[in-house]
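The basis for the numbers below is simple: all heavy atoms, side chains too, and nothing from hydrogens, waters or symmetry mates. All values reported here derive from a predicted model rather than from experimental measurement. Chain A is the first sequence line, chain B the second, and so forth, proteins listed ahead of strands; every chain is numbered from 1.
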2 protein chains.
Amino acid sequence: MPNQAKTARGLPAEALELVAARFRVLGEPNRLRLISALEQGEKNVSELVAETELTQANVSRHLQTLTEAGLLGRRKEGLNVFYFIADESLFKLCDLVCSRLQKELAAKAASLKG
Amino acid sequence: MPNQAKTARGLPAEALELVAARFRVLGEPNRLRLISALEQGEKNVSELVAETELTQANVSRHLQTLTEAGLLGRRKEGLNVFYFIADESLFKLCDLVCSRLQKELAAKAASLKG
DNA sequence: CAATAATATGAGCATATACTCATACAAGAA
DNA sequence: TTCTTGTATGAGTATATGCTCATATTATTG
């Protein structure tokens with residue numbers, strides 16, 4: 001196969017577990033909201049709490065999950081902690097899913113019209 | 001602007017819920033194994049059960065989840081039901097995650113060597 | 001030092017979901 | 001029809017995880 005490259009082909013179950021874990025981190029809407037909020041640039045926890053209207057504890061936990069997964073980075077500045085996107089492939093991932101979903105919804109809408 | 005949950009790129013929280021749901025479907029290692037098995041082409045449930053060594057009930061449920069998400073397609077042929085990849089963007093998604101994980105693991109390995 | 005502010009975390013609850021067992025359903029064969 | 005095979009599903013259990021409350025931790029200020 002000429003185009004074997006880096007697809008999931010032949011990946012052992014152990015590797016798929018890692019891939020699944022990465023997808024699982026992205027499978028939480030509030031985490032996506034946090035990522036989305038950070039597209040504009042780094043923000044501290046308080047700003048993210050205000051923007052998302054989630055509790056501080058909840059935001060903190062989600063940020064920890066995202067940081068441990070390597071998706072976000074952390075920077076302390078005095079009392080504040082600033083978080084920022086550390087994995088630029090996030091945007092490609094979301095774009096892929098979004099465009100796919102749009103395609104599916106468009107097809108569904110068309111089928112409803114006959 | 002009204003008090004709306006803010007997200008960048010003009011994606012409302014409602015849309016992010018759909019995106020998250022799609023990621024969640026991919027966040028299960030056995031589902032990734034099924035997808036991986038189908039890269040070679042369509043297979044019926046029995047073949048997938050043999051290949052993954054999961055129970056038939058479990059495989060059937062995962063296939064249902066993947067099909068309802070639009071990732072797989074279904075084709076009945078007599079007693080057999082064949083499943084196949086219906087969303088080619090799956091490969092790009094996995095490619096992105098895999099290459100990113102490889103990069104992270106390589107960096108971690110290098111840091112362990114000092 | 002104590003007080004304050006920003007963030008993190010332990011504990012407990014609630015929900016979601018992956019799994020299994022048993023059984024139901026579907027489609028061909030006898 | 002009945003029997004057999006392949007697949008789907010209802011029910012129950014176990015575990016994972018998202019959430020909140022309260023408290024702990026960290027860093028700054030007085």
Handout entry: Ionic contact status for B:Arg33 with B:Glu28, cut-off 4.0 Å
Key = no
Practice task
Identify whether the distance between the nearest side-chain nitrogen and carboxylate oxygen of A:Lys92 and A:Asp87 falls below 4.0 Å.
Solution key: no
Handout entry: Carboxylate-amine/guanidinium contact A:Glu51 A:Lys43, below 4.0 Å
Key = yes
Practice task
Can you measure from CZ (A:Phe91) to CD1 (A:Ile35) and round to the nearest 0.5 angstrom?
Solution key: 8.5 Å
Fill in the blank from the handout: Rounded to the nearest 0.5 angstrom, the CD-CG distance for B:Gln56 and B:Leu48 is 11.0 Å
Practice task
Scan nucleotides 3-11 of chain D nucleotide by nucleotide, 5' to 3', and note B when protein non-hydrogen atoms come under 4.0 Å of the base, S if they reach only the sugar-phosphate, - if neither.
Solution key: --BSBBBBB
Problem - First and last nucleotide of DNA chain C, 5' to 3', lying under 4.0 Å from heavy atoms of chain B - result: C:dT17 to C:dG28
Handout entry: Cationic N near anionic O, under 4.0 Å, A:Arg74 to A:Glu68
Key = no
Practice task
Send over the distance from A:Glu68 CD to D:dT17 P, rounded to a whole Å.
Solution key: 12 Å
Handout entry: Under-4.0 Å salt bridge between B:Arg100 and A:Glu88
Key = no
Problem - Worked verdict on A:Asn58 versus A:Arg61 for side chain to side chain donor-acceptor pair (under 3.5 Å) - result: CA-CA 5 Å; A:Asn58 200 13; A:Arg61 287 187 197 285; over 6 Å; no
